[in-house]
Structure formats: structure tokens, C-alpha cells
J.: 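If you scroll down you'll find the structure; I have some questions about it.
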Amino acid sequence: MKEEVQQIKDIAFAALNKEQILKRTHGDRMIWAIVLLLSLISILVVYSATGSLAYKYHKGNTSVYLFKQISFTLIGLMIIYFLHRINYTFFSRIATFLFWISIPLLLYTLFFGVKINEGSRWIRLPVIDMTIQTSDLAKLALFMYLSRLLSKKQDVIKDFKKGFLPVLWPVLLICACIMPANLSNALLTAATSMLLMFIGRVRFSHLFLTVLIAMIPVAIIISIAVLTYDPLETESAKKGKIEKLKSFGRVGTWVKRTQDFIYQSGESDPYQLQQAKIAIAKGGILMGLGPGNSEQRNFLPQAYNDFIYAIIIEEYGLIIGGGVALLYLVFLFRCINLFRRCPFAFGAFLAVALSFTLVIQAMANMAVNVNLVPVTGVTLPLISMGGSSFLFTCAAIGIILSVARNVEQLEGSETTHSMTKQNMPVV
Amino acid sequence: MDVKRDILWRVYLTYILMIIGVLVILGKAFYIQQVEGKYWRSLSDSLRLKVVDIEAERGTIYSEDGQMLSTSIPQFDIYIDFNTEGLRAKNGQLFRTHVDSLAWHLSKLFKDESQAGYKRILQDGFKKKLRYYSFRKKVSYRDYQAMQEFPLIRMGRNKSGFIAEERSIRKNPYEMLAFRTIGLARDTFKVGLEMKYDSILKGVTGKRLMRKIAGGVLVPVSDQNDVEPQSGKDIITNLDVFIQEVTENALMDMLVQNQAEHGCAIVMEVKSGKIKAIANLGRNRDGSYSENFNYAINPSEPGSTFKLATLMALLEDRKIDLTQVVNLEGGSWQVGNRTVFDSERHGKNEVTIQQAFEFSSNVGMAKLISKHYGRQPSAYFQHLHRMRMDTLTGIDLLGERSPLIIKPGSKFWSGTTLPWMSFGYGLKISPLQTAMLYNAVANGGKMLRPYLVNTISEEGIVISTITPQVISEKICSKPTAEKLHQALVGACGSPGSTGYQLFKNVPYTVAGKTGTALVADGVRGYADKIYQSSFAGYFPAENPQYTIVVVIKNKPQAALFYGASVAGPVFKKIADRLYTSYVFGTAKATSISKLDSNQISFSGHKDDVTTLMRKLSLPVADQSGAAAEWITVQTLNKKSLLNRLSVNQNQVPILKGLGLKDAIYLCEEIGLQVKVSGRGKVVSQSLDPGTTVKKGNIIQLTLQP
């Protein structure tokens with residue numbers, strides 16, 4: 001505790017002194033650079049994409065959203081800095097706590113949360129009046145908790161009862177809580193968790209079995225979608241049917257989206273997908289329309305959020321769009337590097353788990369934008385307009401950098417004590 | 001196997017999967033750009049959004065007595081979407097069932113096509129699946145309402161495909177009445193009050209985001225307007241429909257009778273400068289007359305009515321007195337190389353100045369001005385400046401043109417300029433300026449600005465009131481004004497004066513002056529003998545109420561051209577009607593002025609009011625409509641005009657004019673608590689009409705008998 005108080009004091013003091021901050025900023029410089037670069041891109045694109053939003057709510061005063069985004073970026077960077085100064089072993093302790101607190105929070109959200117786009121996914125924080133998506137917190141908690149479990153259970157991981165089940169049930173619990181409001185998010189979380197388990201040496205057969213069981217409800221939805229789809233039926237009849245389906249919770253929406261995805265053909269694409277594709281088509285390969293020149297931002301719903309990648313391609317071209325994807329891959333590579341260098345299992349898992357989840361989320365967002373997968377409401381980490389998910393992303397990066405800082409410190413002391421990596425215990 | 005290495009290959013494998021994933025994503029983006037690109041880019045054009053203006057409802061122009069002079073009435077353009085689902089459902093069953101009866105009703109309503117004709121139109125559109133068939137334009141509100149009851153159409157837009165687009169058009173219910181003054185409000189061309197008060201009448205244009213669908217049809221993106229239009233404000237003018245009607249008719253009669261070119265007549269309230277009527281009539285090519293130009297604010301040679309200005313200058317400078325004698329030289333007098341003639345050779349020599357003015361001697365004026373101002377004309381022009389004869393009146397109307405006065409030093413100045421100017425030649429002022437001058441004399445020297453708009457209001461609530469504006473407290477001293485008054489009374493009453501015959505038998509006294517000016521007709525100069533006849537004056541002389549100026553430009557070689565025989569009768573006709581209707585008796589005169597600024601009105605339950613009216617057998621004009629439960633009553637032209645008093649749920653009604661019982665009933669019905677002070681009828685209420693009500697709100701009512 002004393003140590004932490006001292007740390008906070010240090011930070012407060014450091015804030016007064018630029019040199020001090022630079023001195024105290026540790027961790028992988030490449031990761032820092034990527035974070036700053038993505039934030040910069042974010043400010044540019046969000047500023048451009050919120051044009052229509054500003055027109056709607058602030059009489060065309062676009063600087064409102066610019067200011068908001070810059071504030072979010074600064075707060076995010078402060079979170080990263082703060083967390084990276086903390087010894088990551090602290091996160092091991094807090095992971096369990098966060099995991100247990102996120103389950104009642106999810107349930108609370110499910111029953112009493114704020115409804116945005118039908119699914120009840122948000123709770124409003126009273127004092128600062130910000131809505132947060134509790135699943136973001138739950139996901140971060142889950143992945144931290146998984147890192148902890150996987151690192152602890154390495155000895156018995158191949159055993160179904162002792163190794164697999166204790167790792168599996170937290171995943172199922174969280175996904176079950178997310179699913180009623182946000183199926184796609186739950187599926188994404190489950191898939192990411194499976195991937196982490198695969199990395200964490202869980203048996204193939206166990207994973208395969210789990211996937212098989214999980215596929216049953218998905219298969220049911222797909223088959224309903226296929227069976228109830230009638231290409232000739234009129235819009236109103238369709239609406240009626242969906243209304244009927246909606247009486248079964250959100251199942252109707254799922255079925256509708258699946259139908260939209262399976263039976264899409266040009267003009268019958270959902271409106272936002274049409275607009276996203278137009279945006280992508282308008283940006284060329286080499287050159288886009290230029291910063292701030294997006295035309296589709298006026299027509300593309302959520303242009304500043306779920307569909308920001310399409311706007312990036314429209315304004316900056318496919319090459320830069322690919323560059324953004326590359327930044328995520330380099331980020332992931334640096335984190336894998338951390339994994340290799342980190343002598344302690346928890347830190348290694350933490351770095352790799354959190355980085356993979358971020359990159360998977362980024363890929364999911366991009367895949368939605370180019371219509372590779374059905375529409376899901378995931379943001380592009382660090383780039384989509386600020387909000388709770390932006391801050392949780394920053395928290396994840398802060399934790400990764402905390403691991404990086406510890407690794408650096410260890411390596412620093414190693415060289416002074418002339419010890420080699422091979423001598424360090426693996427687990 | 002080493003645990004770490006076991007993990008590491010899994011990590012790398014996953015990493016490679018990620019790289020593949022990114023490549024697939026970029027590949028798909030590339031595919032969208034390069035393979036499907038053309039399609040998507042073309043689609044973007046057809047999906048364009050457009051911000052469409054929604055015209056705000058234009059304010060109404062009212063007369064002082066509350067009649068609509070210019071208002072916007074709704075009209076409907078009817079379109080049919082033959083592709084509406086409801087219409088086509090079950091293989092067009094709905095359409096087939098109703099097409100016959102619908103065609104019958106349409107034919108009966110519009111009468112321009114037979115039932116078969118309408119049926120053909122409908123079936124044709126249905127067959128071609130037209131999405132936005134323009135069925136009929138400019139359908140009146142009444143017809144539109146009738147259509148709402150028709151089979152199929154009454155099922156609503158989604159079933160029938162009938163779409164009505166509302167637009168408003170500008171209508172002047174009194175048509176020609178003061179038309180030029182009220183003006184026009186076309187998109188590109190506005191004149192008159194419509195132009196002058198355009199920014200107030202127009203309101204704020206709303207905006208709505210529309211999405212273009214196939215065929216260039218715009219549909220709203222959301223149900224709400226992005227920027228709500230704000231209705232324009234109403235303006236209430238000083239114009240009085242009755243006086244305007246009298247004025248316009250009197251002028252029209254004379255113009256027609258005399259086949260005059262054009263004419264104008266202005267009625268101004270003496271005490272306030274309010275323009276109560278303004279008529280501008282000009283001859284059209286086909287010989288008819290219409291309000292085609294604002295003659296009242298365009299300068300022309302005034303002729304003898306201007307002698308008042310000359311006399312004012314002379315009296316004010318104490319150069320002369322009315323009783324002094326002037327030699328008229330028998331009716332002609334040589335100045336330099338020109339000769340001044342009186343209108344007829346009268347052979348008179350020694351007369352008083354008062355007499356010279358009374359029978360409008362040009363010689364007299366020319367001699368006086370030459371004698372007293374010949375050496376220092378600037379003193380005379382200073383007086384004209386003091387009388388505001390050299391500037392615009394500043395009336396709230398666009399298009400007023402500057403007067404023309406030749407001053408010493410001008411290249412047009414000559415030795416004869418001043419003498420001729422003394423009797424109104426060689427300068428141009430507008431009839432309205434003349435009216436302003438005579439009105440000032442009627443007011444004992446106080447000059448008021450003529451103005452047309454009295455009040456600006458919004459939904460019946462007065463926003464601002466324009467008060468009379470004094471241009472100059474004194475354009476001449478009180479004694480001068482009194483002497484001028486005396487001269488003007490003489491000009492209409494003394495035997496031998498120009499106005500004597502005209503006003504011989506009227507029950508009121510007029511103070512006024514005739515004017516006859518030979519006007520130059522372009523290149524032909526004065527050769528065509530075109531006379532401009534005018535009469536300016538006010539009445540009743542002992543307590544002036546109205547100033548009236550009539551100016552008529554006759555046709556060439558007209559038989560009648562004297563001011564007294566052309567313009568004078570128009571003045572008399574207007575004055576007669578005003579006198580019998582408004583001025584008769586001093587007691588009434590005061591109540592009249594009250595009527596001018598305060599419409600007598602009260603409100604009540606319709607059944608009560610109509611019963612009362614029937615019992616007293618008072619004439620009633622019911623405009624409230626059958627559904628009206630509450631009404632307001634206005635007295636107009638000795639008739640009671642019933643209008644609907646709208647009472648909406650959750651909105652404070654207009655309570656003014658209601659009795660206490662009715663007011664409390666209305667308030668408590670919508671949940672208001674009433675506090676009352678005073679007795680009689682409601683004169684003010686603490687919550688503005690139209691305010692949304694919450695249960696238990698308190699409203700304070702002030703009553704007065």
C-alpha cells in the first residue's frame with residue numbers, strides 16, 4: 001500500500017515535470033509509439049466523421065467532438081501511464097476481484113441497464129454521467145482472470161477436471177451473462193477465450209468438444225434464418241414476422257441479421273453496409289478523398305464508431321487502411337516479444353492475452369466494415385470515438401506496458417548481475 | 001517438451017492466422033474497390049440525401065378592424081403512389097373494389113372529367129405502377145377535405161397511395177382593395193407592405209433532411225423536421241377596410257367618369273398620422289382601372305395645393321398678413337420673358353391676400369414671392385426644408401421616390417423658377433408629402449410621420465406596437481398655423497372661392513385647397529393640355545379628424561380638369577361617408593377613436609351567444625364553423641362577426657373577453673386553478689395563451705367591466 005501511495009505521489013509530481021515523465025515512461029517504446037500514432041489517427045478521423053453529428057446536435061460546431069476526442073485521448077494516455085507504473089503482479093491479485101464483481105454488474109445491466117439499440121448493454125455512472133458498457137469491463141476482467149488461471153494451472157492443464165473445467169467455467173459464465181443483450185459480443189468473447197486456451201496448452205479434444213456444443217444454438221439460429229427466409233415476401237409481412245420473433249427476446253434480431261448476411265445481394269444489403277461499401281469504393285488504393293473530405297460520413301450511421309474503418313479507407317486510401325491494420329499486427333508482434341522475454345508465466349500470459357483480444361477486436365471491426373462477417377457492434381480499438389470502450393482499451397494497454405516495464409527492469413538488473421535468461425525459471 | 005516452447009509455437013501459429021485474417025480483410029476491401037467499385041460509386045449518387053427547405057407559414061396582413069388584407073391559404077398538390085403495398089396487396093383487390101366509386105366521387109367533386117374519365121386515369125396509373133403520379137395540383141382546402149371522405153382515400157395514405165403535399169398561396173381576400181399598398185409576395189417579386197415587412201411576415205424557413213429514392217422522389221429521413229419552421233408574424237395595418245372601400249370607390253367613379261390616366265387618394269388620421277386608406281388607381285390598356293402603381297408616393301408637380309407652403313413661409317417670416325392687399329393685375333403678370341396667368345381672366349385688381357388664396361390666384365403668389373424672396377430665395381428654401389418638402393416622408397413603404405426641388409445655383413435655376421414655384425410648378429413632390437403638410441397645419445404646426453403598420457403580433461399576441469412619430473414639433477408657429485387654417489377654410493367656404501360650390505351644402509366645414517396643374521408630358525411638354533387636378537384638405541375644420549389628399553391626372557384635352565371639379569368631388573364623397581360613419585357628433589368621435597385602436601369584442605359559449613343574438617334580433621355573420629363550441633364576437637360594420645375560439649387540450653386558451661363563469665369553466669376543465677381580481681370581462685391573464693398547462697398551475701385573471 002505504502003509503495004502505491006508513493007507511486008501516486010511520484011506520478012503527481014511527475015506531471016509537473018516533462019523530463020520526469022519521459023524518464024519515468026518505460027515499457028516498450030515501439031508500443032508507446034503505436035499507441036500515440038493510433039490516437040493521432042483517431043483524432044483526425046473522428047473529427048472528420050462526427051461532422052454530421054455536430055450538425056445534428058451542436059448546430060454544426062464540430063469542435064465540440066474534436067475537443068471531446070482530444071480529452072478522451074489525454075485521459076486514456078493518463079490511464080496507460082498510471083497503470084504501467086504499477087507492478088503487474090498487482091493485476092494478478094485484482095483479476096479475481098474484478099471477475100467476481102463484473103458478474104453482478106452484467107446481471108444488473110441486463111435487467112436495469114440503459115437500452116441503446118434495443119439491447120440492454122449499458123449502465124449510467126451517476127456522478128460523471130457517462131454510460132459504460134459493462135461487457136467491456138467484464139471482458140477485460142475475464143481475460144486477466146484467464147491469464148491468471150492459465151498460468152497457475154499449467155501443470156494440470158491437460159487434465160479435464162483439474163485443468164480444463166476450472167478454466168472453462170468463468171468463460172461460460174461471462175458469455176452467458178453477455179449473450180442475452182449482445183450475442184455477437186458473447187460469441188467474440190468466447191472465440192477469443194478459446195484461442196487463449198489453445199495458446200495456454202489446453203487439449204485440442206477438449207476445445208473441439210466445447211466448440212461443438214457451443215455451435216448447437218448457433219446452428220439453430222442459422223437454420224431458423226434459412227427456413228423462415230422468403231425472398232419474395234413484402235417488407236410489411238417481413239416486419240410482421242420479425243415483430244413476432246421479437247417476442248422471444250432478441251432472437252428476432254439475430255435471425256434477421258443472419259438472414260441479412262446470408263442472403264445479401266447488392267441492393268438488399270442493410271443500409272449501413274451499403275454506405276460502408278460506398279465509402280470503401282470511393283477511397284482509391286493509393287489515395288483517398290483526403291483528410292476531412294469524407295462524403296459518406298453524412299450517410300453512414302456510426303461513421304465515427306463501428307464503421308470508422310470504412311471512413312479511414314475513404315479518406316486516406318486502401319494503403320493507409322492496410323497500414324492501420326499493420327500497426328495492430330506490429331503491436332501484437334511486440335507483445336509476443338514481451339511474452340518471450342517475460343520470465344514469469346502470469347506476465348507472459350497477460351501480455352499475450354490482452355494484446356490478442358485487442359487485435360481480434362480490431363480485426364472483427366474491420367471484417368464487419370468490409371462485410372466479411374455479419375454486423376456486430378464492436379469498436380476499432382483506440383480509433384473509434386471515445387467512450388468507455390476506449391478507456392478500457394487504454395487500461396489493457398497500460399497493463400501490457402506494465403509487464404513490459406517489469407521485463408525491462410528485470411533485464412536491466414540481469415545485465416548488472418550478469419545473469420542469463422536461460423537460467424530464469426520458466427514457470 | 002519445454003512448456004514455453006510449446007506455447008510459443010501456438011502463439012506464432014495464431015499470429016500467422018491473424019496475418020492471414022488481415023490479408024483477407026484487405027483483399028475484400030480491394031475487391032469492393034476494384035471489382036464492385038463502379039457499382040457502389042454509382043449507387044452513392046442515387047442514395048444522396050438532400051436538405052429541403054420547408055417554407056414557414058407567412059404572416060397575415062390585417063386591416064385595423066381585423067379583416068384579412070393578405071393571407072396565406074393552404075393548397076394541396078395531390079400525388080398518387082400506385083405502388084403502395086396496400087393498393088397492390090392481394091393482386092390489387094383493394095384498388096379494383098373501389099376504383100369505380102372513387103372515380104364517381106372525383107368526377108362529382110371536380111366536374112372536369114366523367115366517371116369513366118377518372119377511372120381511366122386511375123387504371124392507367126395502376127397498370128404502369130407509377131410511383132409519384134401528379135394527380136391534381138392546387139386543390140383547395142375545402143376540396144381536399146371532401147376528398148378525405150372518399151372511398152379508398154379515407155383508408156389513409158398507406159392503403160390508397162394518395163399523397164397530399166401542402167403548400168400555401170397568398171390571397172388578398174379583398175382583391176383590389178389597397179392592393180398596391182399591401183403588395184405582392186411572389187417568390188421573386190415583392191412590393192408594398194409584403195416587401196417592406198417581408199422579414200417579419202416570412203418567419204424562419206425550416207429544414208428537413210430528405211433521402212432520394214428511385215425516380216428522384218424525396219422521402220423524409222426521419223419523422224421530425226431537423227429545423228422546425230417558425231411561422232411568420234402578423235402585421236396589423238392602420239388601413240380600415242371600410243374607409244379604404246369608400247376611398248377606392250370614390251376615386252374609381254371619378255376616374256371612370258373622366259377617363260383619367262391615373263389617380264390616388266390618401267386618408268390620414270390627423271392626430272396620429274395613421275394612413276387609414278390609400279388608393280392608387282391607374283388606367284390599363286383595355287380602359288379598366290387597377291391598383292397598378294404607387295402613385296401616392298411618387299412625386300409630380302403639385303400645382304395650387306402647394307400655395308399653402310408659400311403662404312406659410314410668407315406668414316412665418318411676417319412678410320405679409322392675410323388682410324394686406326395685393327394687386328392681381330387682372331389675371332396676368334409679366335415676369336422676365338414669361339407671363340404668369342391666373343386660371344381664368346377675372347379682371348380683378350386690388351384684393352386681400354386671403355381672397356387671392358381663396359380663388360387661387362397664381363399672379364398673387366408669384367408677385368408676393370418675387371417681392372419678398374426675390375433677393376434672397378434661400379430663406380424660402382429654408383422654409384421648404386423645415387416643412388420637409390425636400391425629403392422623403394419616411395412612410396413604412398418601399399419605393400418612395402425623392403422630391404425634386406430646383407434650388408438657386410442649380411443649372412436649371414432661372415429668374416422665373418421662384419415665381420412659378422410659388423404656385424406649385426417647376427418642382428415635384430408626392431401626394432403623400434402634400435398630405436403630411438396639410439396634416440401638420442391641421443395639427444397646429446406639428447408634423448407627424450404617415451405610417452401604415454400599427455402592430456406586429458404573433459398568434460394573436462401583440463409583440464410590438466408602433467406609436468405615432470412626430471417629425472417636427474413645429475414646422476411653423478401656432479399663429480401662422482391658425483392663419484393658414486383660416487385661409488384654407490376660406491378657400492372652401494367663402495363665396496367666390498374655388499371650393500365654395502363644392503362644399504356649399506355639406507353639414508361639416510372643410511379646410512382645403514384645390515389644385516390644377518398643367519403637367520408636362522414628356523417630350524411634348526405642356527402642349528397636350530394634360531391637367532393634374534388635386535384637392536388637399538382636412539375636416540371637420542373646427543376639430544380636424546381626417547386629412548384627405550386626392551390627386552388625379554387627367555387624359556389629354558379632358559373636358560373637366562379643375563381641381564374643384566375632378567379631385568374635389570372625390571374628396572367630398574369620402575368626407576361625406578366618413579362624416580356620417582365616424583365623425584358625426586363629438587361624443588361619437590371619441591368612441592370612434594377608441595374603436596380604431598381597440599376592437600370591440602367579447603367571447604363566450606356559442607349557444608349562449610347565438611341565443612342572445614337571436615332574441616335581440618341582431619345581425620350575425622357566423623364564421624366559426626359548425627364544430628365550434630366557443631366563439632369570439634367582433635362588431636364590424638354594425639354586424640356581429642362570430643369566429644371560432646380554439647380551445648385545445650393542455651393549452652391555455654385566449655380568455656380575453658370572456659365572462660368570469662366561462663373563463664373559470666374553461667380553465668378548470670384543463671386543470672388550472674383560477675385566481676380572480678376585478679369584475680366584468682377578462683382583460684388580462686397571467687399565463688399566455690398557447691402555454692402548455694400542468695395540472696394545478698395557477699392562472700391569475702384580471703377583470704374589468
Side-chain angles (χ1 to χ4, degrees), chain A residues 52 55-56 150 154-155 157 195-196 198-201 234-237 266-267 271 274-285 295-296 298-299 309-310 313 317-318 321-322 325-326 328-329 332-333 336 339-340 345 348-349 352 356 359-360 362-364 366-367 369-372 426-427, chain B residues 1-51 83-86 88-90 158-159 207 209 211-212 214 221-222 224 226-227:
Chain A
S52 61
Y55 177 77
K56 238 175 168 172
L150 285 171
Q154 277 304 309
D155 292 342
I157 200 72
L195 199 72
L196 292 182
F198 164 70
I199 291 171
R201 296 174 61 243
T234 55
E235 276 296 325
S236 67
E267 238 179 308
Y271 179 70
Q274 276 186 2
Q275 298 301 332
K277 285 183 177 177
I278 291 168
I280 292 169
K282 277 190 172 172
I285 290 186
E295 290 164 10
Q296 285 307 108
N298 296 324
F299 314 111
Y309 192 62
I313 294 182
L318 188 57
L326 189 66
Y328 287 111
L329 287 179
L332 185 57
F333 189 78
I336 292 171
F339 171 82
R340 280 176 49 211
F349 268 115
V352 95
F356 262 113
V359 174
I360 287 172
M363 285 179 56
M366 294 185 231
N369 273 257
V370 298
N371 195 21
L372 271 176
V426 166
V427 179
Chain B
M1 201 198 234
D2 184 4
V3 172
K4 185 129 189 174
R5 271 177 52 204
D6 190 18
I7 293 176
L8 212 52
W9 75 259
R10 289 163 190 263
V11 169
Y12 282 133
L13 180 67
T14 320
Y15 190 69
I16 289 165
L17 285 178
M18 293 284 144
I19 292 173
I20 292 170
V22 165
L23 288 177
V24 171
I25 288 167
L26 293 178
K28 181 70 192 290
F30 181 83
Y31 178 79
I32 291 171
Q33 273 191 350
Q34 301 305 318
V35 183
E36 301 178 334
K38 213 170 176 183
Y39 168 74
W40 291 117
R41 280 187 291 268
S42 74
L43 192 63
S44 89
D45 294 328
S46 67
L47 287 173
R48 273 287 149 264
L49 294 194
K50 202 177 161 191
V51 176
N83 241 355
T84 302
E85 276 178 43
R88 303 209 87 87
K90 292 182 190 158
N158 290 335
K159 288 253 165 70
K207 290 198 188 307
L209 198 58
R211 190 153 57 90
K212 227 178 221 166
V221 171
S222 67
Q224 280 163 352
D226 296 292
V227 178

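Just so you know, these numbers come straight off a predicted model, no measurement behind them. Each chain gets a letter, A, B and so on, in the order the sequences are listed, and its residues count up from 1.
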J.: Report yes or no: does B:Arg10 contribute a side-chain atom to a donor-acceptor pair with the main-chain N or O of A:Phe198 at less than 3.5 Å?
T.: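 Yes, because the side chain of B:Arg10 sits within donor-acceptor range (under 3.5 Å) of the backbone of A:Phe198.
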J.: Work out which heavy atom in B:Gln33 is nearest to a heavy atom in A:Ile285; give both atom names and the distance.
T.: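 Answer, listing the atom of B:Gln33 first, then A:Ile285: OE1-CG1, 3.4 Å.
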J.: For B:Ala29 versus A:Val370, what's the shortest heavy-atom pair and its separation?
T.: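 Minimum heavy-atom separation between B:Ala29 and A:Val370: CB-CG1, 3.8 Å.
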J.: When rounded to the nearest 0.5 angstrom, what distance separates CD1 in B:Ile32 from CD1 in A:Ile313?
T.: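 Reported to 0.5 Å precision, the distance equals 8.0 Å.
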J.: Fit a plane to each ring of B:Tyr15 and A:Phe333, take the angle between them on a 0 to 90° scale, and name the class: parallel (under 30°), tilted (30 to 60°) or perpendicular (over 60°).
T.: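 Plane angle between 30° and 60°, so tilted.
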J.: For the backbone of A:Ala281 and the side chain of B:Arg41, can you confirm whether one donor and one acceptor N or O come within less than 3.5 Å of each other?
T.: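 Yes, B:Arg41 side chain to A:Ala281 backbone: donor-acceptor pair under 3.5 Å.
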J.: For B:Ile19, which atoms come within 4.5 Å of any heavy atom of chain A: side chain, backbone, both, or neither?
T.: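 Its backbone and side chain both get close to chain A.
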J.: Identify which part of A:Tyr328 has an atom lying under 4.5 Å from any heavy atom of chain B, answering side chain, backbone, both or neither.
T.: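 For A:Tyr328, neither part sits under 4.5 Å from chain B.
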J.: To the nearest 0.5 angstrom, please state how far the CD1 atom of A:Ile199 sits from the CG atom of B:Leu13.
T.: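 Rounded to the nearest 0.5 Å, the CD1-CG separation comes out at 9.0 Å.
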J.: Does the side-chain contact (heavy atoms from CB on, under 4.5 Å) test come out yes or no for B:Met18 and A:Leu195, once each step is laid out?
T.: CA-CA 11 Å; B:Met18 293 284 144; A:Leu195 199 72; 4.0 Å; yes
J.: Go through it in stages, so that I can follow the logic: the residues are A:Phe349 and B:Ile7, the test is side-chain contact (heavy atoms from CB on, under 4.5 Å), and I'd like the CA-CA distance, side-chain angles, deciding distance and then a yes or no.
T.: CA-CA 10 Å; A:Phe349 268 115; B:Ile7 293 176; 3.7 Å; yes
J.: Under a 4.5 Å cutoff for heavy-atom pairs, which residue among A:Ile360, A:Leu332, A:Val352, A:Leu329 has the most contacts with chain B?
T.: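 Sorted descending by pairs with chain B, the first entry is A:Leu329.
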J.: Please look at B:Tyr12 and chain A and tell me whether the side chain, the backbone, both or neither of the residue comes under 4.5 angstrom of a heavy atom of that chain.
T.: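 B:Tyr12 touches chain A through side-chain heavy atoms alone.
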J.: Using the ring of B:Tyr39 (Phe, Tyr or Trp, six-membered ring only), decide whether A:Lys277 places NZ or CZ under 6.0 Å from its centre and within 45 degrees of its axis.
T.: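 So A:Lys277 doesn't make the cation-pi contact.
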J.: Could you walk me through whether B:Trp40 and A:Ile280 pass the side-chain contact (heavy atoms from CB on, under 4.5 Å) check?
T.: CA-CA 9 Å; B:Trp40 291 117; A:Ile280 292 169; over 6 Å; no
J.: What's the separation between atom CG in A:Leu318 and atom CD in B:Gln34, rounded to the nearest 0.5 Å?
T.: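 Those atoms lie 8.0 Å apart.
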